[in-house]
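The structure appears below as structure tokens.
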There are 2 protein chains.
Amino acid sequence: MIACTDHNTPTGDRRRAAIAAAARALIAERGFEGLRTRDIAARAGINVATMHYHVPSKEALVALVAQSLRDDFIAQHNARPRAGLSAGEILRLEIADFRETREHNIDLFRVMAEMMEKARRDENIAAAMRPMQGFWHRQIVDILARGVAEGDFRADLDPQAGATIFLGALIGTMRHPDPTSAHFDRVAAEIARAFGLGPSQPALPVAKA
Amino acid sequence: MIACTDHNTPTGDRRRAAIAAAARALIAERGFEGLRTRDIAARAGINVATMHYHVPSKEALVALVAQSLRDDFIAQHNARPRAGLSAGEILRLEIADFRETREHNIDLFRVMAEMMEKARRDENIAAAMRPMQGFWHRQIVDILARGVAEGDFRADLDPQAGATIFLGALIGTMRHPDPTSAHFDRVAAEIARAFGLGPSQPALPVAKA
DNA sequence: GTCATTCTCAATCAATTGATTGATTGATGA
DNA sequence: TCATCAATCAATCAATTGATTGAGAATGAC
């Protein structure tokens with residue numbers, strides 16, 4: 001892992017957080033191609049040299065962004081209580097979460113997409129992204145496998161392949177020119193049918209065999 | 001559209017083709033972020049100034065790459081005879097084509113992915129990519145709609161949503177760490193089940209209700 | 001108060017990069 | 001033979017960009 005500076009002071013932490021936020025906003029806006037240290041510092045409201053004091057190099061900055069993404073990813077995951085729900089219900093929650101992020105925090109996806117592109121050429125980035133990607137994929141695999149076992153989904157559904165289709169479909173909705181979520185909802189409904197998941201139950205999260 | 005130079009001579013065409021090929025190889029290798037005019041010229045075996053003589057600016061170069069991609073895309077599409085085939089068979093051909101490109105011409109996908117990213121920020125690129133993207137999507141929509149009408153697919157399959165799922169799933173296989181095509185084949189098989197498409201017929205392209 | 005530590009910035013550096021210049025070559029045709 | 005023009009390149013420019021320097025503020029400990 002690339003070491004950040006050891007300024008573990010409250011000020012340093014606050015600055016680094018501001019720098020990470022500024023960098024993420026700029027990456028979402030212009031991609032890595034147009035990412036300039038001067039612009040990051042300007043958006044964070046500090047001098048370039050101050051930025052280099054807290055984040056010594058651009059490489060460290062990218063690592064910082066990767067860590068920032070991972071923190072958000074984990075926080076977002078932990079914010080979902082799913083105990084006691086059926087596999088089908090959890091899958092619907094996954095879809096709802098994606099929809100929510102897609103509408104209100106799309107920069108997260110944009111930055112993630114940029115990082116994934118960059119990961120193909122930079123092993124450090126790849127190492128930072130793999131856990132997130134793997135975790136997400138495995139999570140869907142687990143949901144599908146459980147759903148098959150419990151009869152929520154088609155009996156011949158392949159969880160591994162299903163997870164790739166599921167994630168690919170959701171991410172694919174963002175390539176679609178339709179800016180509204182109407183198309184997303186159609187895709188979500190089609191996924192449900194494709195997985196043999198019945199129509200949305202009339203909200204009885206307790207009633208479970 | 002960004003005008004290229006008007007050197008419509010045989011030499012000029014050859015040079016521009018070589019420059020486009022060199023640029024595509026470098027984009028596939030390092031992305032737009034690491035694309036340098038010097039490197040392109042070097043890989044094309046010419047001087048930087050010569051390159052600027054044939055392709056006046058980097059912007060024109062990107063447009064040239066976009067056009068080169070579109071040419072390949074169209075050529076690849078026209079190379080497929082599909083007359084007289086059922087919708088299900090055509091969908092299988094689509095999958096086989098994708099698999100083939102994925103294995104033997106992956107740079108095409110890499111460059112396309114880079115272009116799609118860049119298209120989000122550059123309206124000129126977006127304008128060049130939209131027709132390809134739209135054409136591909138519409139093609140799948142048509143196949144699915146026909147297949148539903150002819151009974152090849154599930155009767156309640158939504159062609160629009162299905163196309164997004166289909167393309168997203170195929171593209172999603174390239175995010176998967178598995179370098180072999182084993183996972184791709186599982187995804188393809190799962191798509192077939194999800195769309196209600198029966199197992200691969202024993203090659204009787206005439207026998208159709 | 002004073003000293004040390006943390007933090008900040010204007011100014012600057014060295015390297016990179018897209019693009020231009022001006023000279024040269026070679027083919028074509030009058 | 002000479003004029004013309006497409007094509008090519010070495011050398012160079014001007015701007016950009018990641019990073020550094022050195023000189024102060026701000027803060028807190030004693």
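Chain naming here is simple, since letters A, B, ... match the order of the sequence lines and numbering starts at 1 in each.
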Please produce a list of atom pairs where a protein N or O lies less than 3.5 Å from an N or O of nucleotides 23-25 of chain D.
none

Short heteroatom pairs, N/O only, protein and nucleotides 17-21 of chain C, under 3.5 Å:
from	atom 1	to	atom 2	distance (Å)
C:dT17	OP1	B:Arg36	NE	2.4
C:dT17	OP1	B:Arg36	NH2	3.4
C:dT17	O5'	B:Arg36	NE	3.2
C:dG18	OP1	B:Leu35	O	3.3
C:dG18	OP1	B:Lys58	NZ	3.0
C:dG18	OP2	B:Thr37	N	3.0
C:dG18	OP2	B:Thr37	OG1	2.9
C:dG18	N7	B:Arg38	NH1	2.7
C:dG18	O6	B:Arg38	NH2	3.0
C:dA19	OP2	B:His52	NE2	3.1
C:dA19	OP2	B:Lys58	N	2.9

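Shown here are the side chain to side chain contact (heavy atoms under 4.5 Å, CB included) partners of A:Ala127, two or more places apart in sequence or in another chain: A:Glu123, A:Arg130. Considering only residues two or more places apart in sequence or on other chains, A:His176 meets the ring-ring contact (aromatic ring centres under 6.0 Å, His included) condition with A:His183, B:His137. Qualifying side chain to side chain contact (heavy atoms under 4.5 Å, CB included) partners for B:Ala128, counting only residues two or more places apart in sequence or in other chains: B:Ala66. Partners of A:Glu33 according to the salt bridge (Lys or Arg N to Asp or Glu O under 4.0 Å) rule, which considers only residues two or more places apart in sequence or in another chain, are B:Lys118. The side chain to side chain donor-acceptor pair (under 3.5 Å) search around B:Arg110 returns none, not counting sequence neighbours. With sequence neighbours excluded, the residues satisfying side chain to side chain contact (heavy atoms under 4.5 Å, CB included) with B:Arg80 are B:Gln76, B:His77, B:Arg82, B:Glu94, B:Asp97, B:Gln139.
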Solution key, residues 42-50 of chain A side-chain donor-acceptor pairs under 3.5 Å, sequence neighbours excluded:
from	atom 1	to	atom 2	distance (Å)
A:Arg43	NH2	A:Glu29	OE1	3.3
A:Asn47	OD1	A:Ala49	N	2.7

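Spacing between atom CD1 of A:Ile46 and atom P of C:dC9 amounts to 7 Å, rounded to whole angstrom units. Rounded to an integer number of Å, the gap from A:Met51 CE to C:dA10 P is 15 Å. In this entry the distance linking CZ of B:Arg14 with P of D:dA6 reads 16 Å, nearest Å.
Between B:Arg15 and the phosphate of D:dT8, there is a side-chain N or O to OP1/OP2 separation shorter than 4.0 Å. In this model, the phosphate group of D:dT8 is not approached by any side-chain N or O of B:Tyr53 to a distance below 4.0 Å at OP1 or OP2.
In this structure, the side chain of B:Glu117 does not engage the main chain of B:Met112 through any donor-acceptor pair within 3.5 Å.
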